[in-house]
Amino acid sequence: MAFRGIDRDVDREVFPPATDLTRWTLEVDEGRQTWRYMDEGEEQEKENPVASQYHVGLDVSADCPDLPPPESLNDALRNGIGFFSKLQTADGHWAGDYGGPMFLLPGLAIVTHVTGATLPDPVQREIVRYLSNRQTDGGWGIHIESEPTIFGTGLNYVVMRLLGVPRTDPRLIRARDWLKAHGGCIGIPSWGKFWLAILNVYSWDGLHSYFPEMVLLPQWFPLHTHRLWSYCRTVYMPMGFVYGERFQAPETDLIRELRQDLFCEPWDKIDWVAARGTVAPEDLYTPHTRTLKVFFSIVNTYERFRSSSLRQRALDWVYEVLRKEDEFTNYICIGPVNKVLNMLAVWIREGPESKPFAMHKERLRDYIWVGRDGAKMNGTNGSQLWDCSFLVQALIESGMHGEFRDVFDKANRYVDVTQIRQNHPNHKRYYRDETKGGWPFSTRAMGWIVADCTGEGLKAALICKSHGYTDTPLSDERLFDAVNILLLMQNATGGYATCEKTRGWHFFEWFNSSEVFGEIMIDYDYVECSSSALQALCLFRSLYPDHRAEEVTTAIEKCKRFIQSIQLPDGSWEGLWGICFTYGTWFGVEGLIDAGVAETDPKIKKACQFLLDHQQADGGWGETFMSCVNRRYEHHPRSQVVNTAWAVLTLLKARCPDQEAVRRGVKLILSRQEANGDWKQESICGVFNKNCMISYSNFKNIFPLWALGRFAEAYPDDPVLEAH
């Protein structure tokens, strides 16, 4: 896969809105963000009028006019904070586009088609516009900036057909031509095979066994399902359920057309067993290991002679766990893939008239984001808490918190309402850990806590409380609950994973059958999660030195040593959730210095030198997503504001003596600021599992503001404060 990035927009047709954009309104409730298409002539005032207009690409100049050119850095900060504050929603968070992956909408379209849970017509039309805008060279990739893949092209061709686009449409003709030129969907990766099998476009015989009976193994068994990473476990369990039920949609004329369109040979002549191990080279990221091939030969053989009673026991238990996931997450689920899989499982087991199925249908809205390029499916139900916590920290370093106290107060209310206040009932039985005191990535209703979100949420709560910028600070007891959960989540290594402590071992990756993702099998220690937790514990200790002092100090020291141990030889840290080495290095340095490592420490100096060595000629920094794919630094052809902000924040935290290098980075950030205080969206900056990128549309505002504020505090008399 090659990098296309910003160049991929050249010579590409832009499709106009498929609906009246002025009728879309963003509605929020304790972080839940849903888009509603207002009835024609509806007089009701929009709840978040500026955010509603901005996110769909309408003119917001009446509310966010162009401002005089800033004459000082404080002017630029004030312009930027003032602009961004107008996008703050009524409940205190910042809504945003968390799309990017191109394999999410297919699951939604297939499940709603099969179950009859029809999406609203305006949403359908905007999905078609989104896919039209994201088509490149005839096809679609695994994410919005990748080149076409069989996975992306085959599944999104299906979406277009299911949403009513005729096969004679030029967009679909181009997609078919691309597919046929690359061997068709016989080599679609395993997740694609799975979705097409549900639709009756692929045969279940063309898939390796999902072996749902694995859940019946004793929990002490090394490969038991509960040891998998939460995001992996919650996807493969419902996959196993649907596979075990061998559910397929009825054969229709549309299904027969898709069979003809997606394959290069007659459908009834395909050797499905041989197709199990066929993966297109355009898609393959993680090849099957010898161990996995042996495992598949065993479970595929078992599949031929399986016990019906044992299979039923397994499916019944899997379904019970799925239903608890639904209940614990208020039918939102941990992410969009298991959301629609669980919805399908409920429909299969309990039917279309059941209450759980109705609850699932209602929560589909939580994942739909209407953006400037159309309607898409977000990678979770949003990044609300994550973005809000970062903005609080950026604002406190700006020196302008007094001017924007109302922003602080609303943000604190969101941090307050989002903390999870209880453990889920009987959670251990259903493979869940404690949650009381933690924070989620998005909303409290979603029900899953994350270590780094808990760290950032705790920092935001402590900042708001200690500085007196809210009338409703969190109680000490709730802060203590957050510290308790951070202490519980720390791994023996000293590091932190995401939603749970690590339960498995690295050899689990021998069984990674996804083919398109890397390191998905267990919950690993990450520099981001570890640093966020470390920083939070350090800030807490400074404000509450007597609370569980020995335990907190021990956790800090262990985490500090862990972060030091994973620094790469070139001085960087690899980011696993953002792009990539600038992101990871920012977290590494922030955490170590907060934990008492001196700026003159060789590890800190080496990290600074790494960044200085990668500064570009214009003063900025920029990485492409290929840094994540190849796991080495890949320069972007154009400096990126977000990468630059991360680098500037790191160098300032480390008191890098090369002030001119930092000044050049700040100048780059200032040069990209719009007249109204905004920054334009540049290349994608988020990642998961090495090979798939994801959008964080608020990062382009949060991190430039944070970097400018930190620079202004460090160098208040620097000449960069003059008009740039």
Side-chain angles (χ1 to χ4, degrees), residues 4-26 35-38 40 51-60 96-110 112-113 118-149 151-179 258 261 367-379 680-684 693-695 697:
R4 299 289 293 277
I6 55 174
D7 297 330
R8 72 192 303 278
D9 292 326
V10 177
D11 298 327
R12 190 176 64 179
E13 183 177 359
V14 176
F15 287 77
T19 58
D20 179 355
L21 297 182
T22 64
R23 290 167 61 184
W24 286 104
T25 179
L26 176 66
W35 286 94
R36 183 173 67 85
Y37 196 61
M38 300 171 69
E40 190 169 4
S52 297
Q53 294 174 77
Y54 176 79
H55 290 302
V56 299
L58 293 174
D59 180 23
V60 293
D97 185 335
Y98 193 57
M102 294 301 295
F103 59 87
L104 303 179
L105 280 173
L108 173 69
I110 289 169
T112 53
H113 173 80
T118 308
L119 296 170
D121 178 70
V123 172
Q124 292 190 41
R125 285 186 278 147
E126 287 296 339
I127 288 175
V128 171
R129 177 167 75 103
Y130 172 71
L131 292 180
S132 302
N133 280 324
R134 290 300 173 184
Q135 189 174 23
T136 302
D137 298 335
W140 293 271
I142 189 172
H143 58 83
I144 59 175
E145 289 195 8
S146 83
E147 292 188 336
T149 62
F151 190 33
T153 304
L155 289 182
N156 286 299
Y157 182 95
V158 168
V159 177
M160 297 281 270
R161 291 305 318 276
L162 294 180
L163 295 186
V165 180
R167 67 195 306 210
T168 55
D169 188 283
R171 294 165 291 187
L172 296 189
I173 293 173
R174 291 197 300 272
R176 282 200 305 276
D177 289 344
W178 189 93
L179 280 171
L258 287 170
D261 293 348
Y367 282 96
I368 302 297
W369 180 262
V370 183
R372 298 176 178 218
D373 49 358
K376 66 205 72 174
M377 198 172 192
N378 271 343
K680 286 184 177 179
Q681 184 64 53
E682 298 178 336
S683 287
I684 204 163
M693 309 307 131
I694 197 160
S695 301
S697 62

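- Side-chain contact between Val56 and Thr22 is absent, with no heavy-atom pair separated by less than 4.5 Å.
- A perpendicular orientation is assigned to the rings of Trp35 and Trp24, their planes being inclined by more than 60° (bins at 30° and 60°).
- Counting heavy atoms from C-beta outward, Ile694 and Pro101 have side chains that approach closer than 4.5 Å.
- Heavy atoms only, all atoms of each residue included: Gly141 and Ser146 are closest at CA-OG, 3.1 Å.
- Nearest heavy atom pair, residue Val159 against residue Pro106, reads CG2-CA, 3.4 Å.
- Residue pairs meeting the salt bridge (charged side-chain N to carboxylate O under 4.0 Å, His left out) criterion with at least one partner in residues 96-108, sequence neighbours excluded, are Asp97-Lys376.
- Taking all atoms of both residues into account, the shortest heavy-atom contact from Leu179 to Gly154 is CD2-N, 4.0 Å.
- Rounded to the nearest 0.5 Å, atoms CH2 (Trp178) and OG1 (Thr153) are 4.5 Å apart.
- Of all the heavy atoms in Trp140 and Ala175, the pair that sits closest is CZ3-CB, 3.8 Å.
- In this structure, CG in Leu104 is found 9.0 Å from CG in Asn378, a value given to the nearest 0.5 Å.
- A donor and an acceptor atom, one from each side chain of Arg171 and Ser132, are located under 3.5 Å apart.
- Checked against the 6.0 Å centroid criterion, the rings of Trp369 and His55 qualify as a close aromatic pair.
- Between Asp20 and Pro122 there is no side-chain heavy-atom pair separated by less than 4.5 Å.
- Arg167 is linked by a side chain to side chain contact (heavy atoms under 4.5 Å, CB included) to Tyr157, Arg161, Arg176, Glu257, Gln260, Asp261, counting only residues two or more places apart in sequence or in another chain.
- Residues Glu145 and Ser683 form a side-chain contact, since some pair of their non-hydrogen atoms from C-beta on lies under 4.5 Å apart.
- Note: Leu131 CG to Asn156 CG = 5.0 Å, rounded to the nearest 0.5 Å.
- Residues Ile127 and Leu119 form a side-chain contact, since some pair of their non-hydrogen atoms from C-beta on lies under 4.5 Å apart.
- Using a 4.0 Å cut-off between a side-chain N of Lys or Arg and a carboxylate O of Asp or Glu, Arg134 and Asp373 qualify as a salt bridge.
- Note that CG of Leu105 and OH of Tyr367 are 13.5 Å apart. Values are rounded to the nearest 0.5 Å.
- Counting only heavy atoms from C-beta outward, the side chains of Ile173 and Asp169 never approach each other to under 4.5 Å.
- Minimum heavy-atom separation, Leu58 to Leu21: CD1-O, 3.7 Å.
- To the nearest 0.5 Å, atom CG of residue Asp137 and atom CZ of residue Arg174 are 10.0 Å apart.
- Rounded to the nearest 0.5 Å, atoms OG (Ser697) and CD (Gln681) are 6.5 Å apart.
- Considering only heavy atoms from C-beta on, Thr118 stays 4.5 Å or farther from Thr112 through its side chain.
- The shortest side-chain heavy-atom distance between Met102 and Ile144 falls under the 4.5 Å cut-off.
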### Task
Take Thr136 and Glu147 through the side-chain contact (heavy atoms from CB on, under 4.5 Å) test and state the conclusion after the steps.
CA-CA 7 Å; Thr136 302; Glu147 292 188 336; over 6 Å; no
